[in-house]
Amino acid sequence: MGADMRLVELLEELSLLLELSGENPFKAQAYARAARTLVEHEIDVHRAVAEGTLRQLPGIGPALEEAITEYVRTGTITLYEHLQQQVPEGLLELTQLPNVGPKRARQLYEQLGIASVDALEQACREHRVATVKGFGVKTEQALMEAVQQWKHSRFRLHLHTALREVQRWRERILALPDVTSVVVVGTLRRYAEIIEEISLLVTTPFPERLSKALRKELPEAVAETGTRFAARGERGVRIWFELAPVEVAGWMLFQGTGSEAFVAAIEAELRARGFQPAPHGLLKDGEVVPLRTEEELFALLGLPVVPPELREGGEIVAIARQQGLPRLVSRADFCGMLHVHSTWSDGKASIRQMALAAKELGYRYIAICDHSPSAYYAGGLSYERLKQQHAEIDRLNAEDLGIYILKGTEVDILPDGSLDYPDETLEQLELVVASVHSHFKQSRHEMTSRLVRALEHPAVHILGHATGRLLLSRPPYEVDIEAVLATALRLGKIVELNAQPYRLDVSWEYLQRWRDQGLHIAINPDAHSAAELEYTDLGIALARKALFPPDQVVNTLSLEEFRQFCRRHTQQ
DNA sequence: GCCGTTTTCGGCCCGACTGTTTTCAGTCG
């Protein structure tokens, strides 16, 4: 069992509240660090309290032990309750804005009485923010932009958060009587990168009865119709529930999944065959056609079932009709887990733990790619530490863990496009992923030349998260990504589809344009913990959206093939 | 608040960047 997430969230918020109330920042950090420790060590706090083992954990001393013990006994922490009374609620919201930390939030509150993002927006409009000491006109403008960005991303979720949210609601709804199934539909079923609302299709033999039960279970939900309800979930995201009789569940699933263009294309084919599509059922001669599954619907048209992630547009219907669905990369093709971190730099798990976790997931080899020296904040490895790491990898491989560990690096691309290790060091590595982690504000021309130069380095195999975007928080840096992808293709270099749900970089739309040209990609979790290895699956879904076949995804290569591929593509 | 072959007090991942200053504070990765 993992850590108690409510406690973890409580400790994190407590840390922020301490900073906001002007406490010693190191004291505040101690609470945040304790929260991380509980997660990383997957601590069952109830057991740890019972056994009195909390103090053995790094960063947990007498005060944290007492706070956690109190939480286990009472469900809360007095200090937290106390601070919550003292610190205005909106200050936490303010710290979510980029460039607003606890200090500035406090200043804005004390000087201007600002205690919410809305109040900050108003103050910016009235140019009151620029009058505060330490703030100026530029800061005011930047804050105004940050407010707009925040309002835009409010109520939106990253893919993994949305999937977790679905899990929670599914369990809750499945516990009700008369529920046959709860299936996610909408953009989430299609694996959109950002989820604006979650839609769940609830099938039942008795829609009216379930409607009543649902109303009772979710009193806060708003009923749009007798069979359609809206509630609010994680971070205020809207959750739709649609009740459907089992006889037409397949039709409703198809309708709910979309996209509009895809539904229209299928409906056009149905009309041509004498069917009349309607929102709540497919009709033929005025009678509802029973369609319990999507398979039955596609079979009506003599089409293969189009996987949900491919349904962004209508063109796929014509493709499926004329030449069948292309063979797409899938989880079953995967052998290699590339680009993962370990405790040698900023990862949370040891090399052994990461390797064994990857083996459990069915992988045959794993490339440990920790950071290089310039990424000091991430504990980047000096040459000496890199050598030590290699010795450990040799020892682990000698143990024969049932998965082969490759010696890799995620080397920083420095501002001028050179790499953060000397050539002799890079030559000793089996896999070189090169990524940008600093100096994001270069001009488009500088950034493009920087990435091109990195790709031209003979030791580089993979270009990591090439646009630098962080979904919902940071736009990509200025770069001519098309020129970069063209260079990768020309040199036979691999472009990463970074599967971190915050990144999903390079985006599938860009990759799709270069797929036909023969671009090779690597789908990498960039995992910092064993749990994050599973992000790979999100990346696979997005590669499928871009219609990548297995042979253009290097993770599908066997170990020997992968090594050959790397050798071939770095010999100039 | 935590920690300790720098050890019971005084540090705490360090440097870049930005916008504000006129020598630095706050934030970020």
Side-chain angles (χ1 to χ4, degrees), chain A residues 11-12 14-38 54-70 77 79-80 83 91 94-111 124 129-146 149 341 343-348 370-382 385 410 412-416 420 435-443 446 464-465 468-470 473-475 477 500 502-503 505 526 528:
Chain A
L11 289 172
E12 280 167 354
L14 180 48
S15 163
L16 202 49
L17 287 168
L18 281 167
E19 282 212 70
L20 283 168
S21 63
E23 261 286 4
N24 173 5
F26 294 108
K27 177 173 168 179
Q29 272 173 32
Y31 283 84
R33 206 169 69 226
R36 279 199 306 274
T37 301
L38 295 179
L54 277 176
R55 286 285 289 279
Q56 294 167 11
L57 294 167
I60 295 185
L64 261 308
E65 181 189 37
E66 197 184 322
I68 295 169
T69 305
E70 186 190 358
I77 299 170
L79 178 61
Y80 172 77
L83 286 168
L91 288 195
L94 283 181
T95 60
Q96 288 171 16
L97 297 171
N99 299 311
V100 180
K103 296 264 169 57
R104 283 186 172 163
R106 229 163 91 84
Q107 242 178 325
L108 289 168
Y109 176 64
E110 281 169 3
Q111 310 266 329
C124 285
V129 173
T131 65
V132 178
K133 190 161 174 245
F135 289 72
V137 178
K138 282 198 177 172
T139 305
E140 188 174 82
Q141 282 167 355
L143 284 178
M144 191 62 171
E145 276 171 38
Q149 174 67 32
H341 295 271
T343 44
W344 282 83
S345 67
D346 59 348
K348 313 301 181 209
D370 276 312
H371 290 281
S372 60
S374 282
Y376 194 90
Y377 58 85
L381 271 57
S382 64
R385 298 248 311 139
E410 182 181 18
D412 262 45
I413 301 175
L414 301 176
D416 65 354
D420 196 25
S435 314
V436 165
H437 290 112
S438 65
H439 300 82
F440 298 119
K441 300 232 161 122
Q442 288 181 321
S443 72
E446 281 173 323
H465 47 72
R469 73 174 180 178
L470 291 179
S473 66
R474 189 176 74 200
Y477 36 66
Q500 281 276 331
Y502 305 99
R503 293 190 183 272
D505 182 11
D526 194 357
H528 289 73

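Chain letters run A, B, ... following the sequence lines, proteins first, then strands; residues in each count from 1. Every value quoted in this text rests on a predicted model; they were computed, and no experiment measured them.
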Check your understanding: Between A:Asp505 and A:Gly468, is there a donor-acceptor pair closer than 3.5 Å when you use the side chain of the first and the backbone of the second?
Key -> yes
Check your understanding: Is the phosphate of B:dG15, meaning OP1 or OP2, less than 4.0 Å from a side-chain N or O of A:Ser438?
Key -> no
Review point. Can you check whether A:His439 has a side-chain N or O nearer than 4.0 Å to OP1 or OP2 of B:dA16?
Key: no
Point to revise | 5' priority, DNA chain B, between A:Asn99 and A:Val137 [closest heavy atom] | key: A:Val137
Using a heavy-atom cut-off of 4.0 Å across all strands, would you classify [X] as base, sugar-phosphate, or nothing?
X: A:Lys133; answer: nothing
X: A:Arg474; answer: sugar-phosphate
X: A:Pro25; answer: nothing

Interatomic distance at [atom1], [N] relative to [M], whole Å:
N: B:dC17; M: B:dG10; atom1: C1'; answer: 29 Å
N: B:dT6; M: B:dC2; atom1: P; answer: 23 Å
N: B:dT5; M: B:dA16; atom1: C1'; answer: 33 Å
N: B:dC12; M: B:dT18; atom1: P; answer: 25 Å
N: B:dG15; M: B:dC9; atom1: P; answer: 29 Å
N: B:dC28; M: B:dC13; atom1: C1'; answer: 13 Å

**Study point:** For A:His439 against A:Pro415, the heavy-atom pair lying closest together
**Key:** ND1-CG, 3.4 Å
**Study point:** Base B:dG1 paired with A:Asn24 side chain (donor-acceptor, <3.5 Å)
**Key:** yes
Point to revise | Residue A:Arg33, side-chain heavy atoms: nucleotide from B:dC2, B:dT27, B:dT20 that is nearest | key: B:dC2
Exercise for review: Check the angle between the aromatic planes of A:His437 and A:His371 and answer parallel, tilted or perpendicular using the 30° and 60° thresholds.
Suggested key: perpendicular
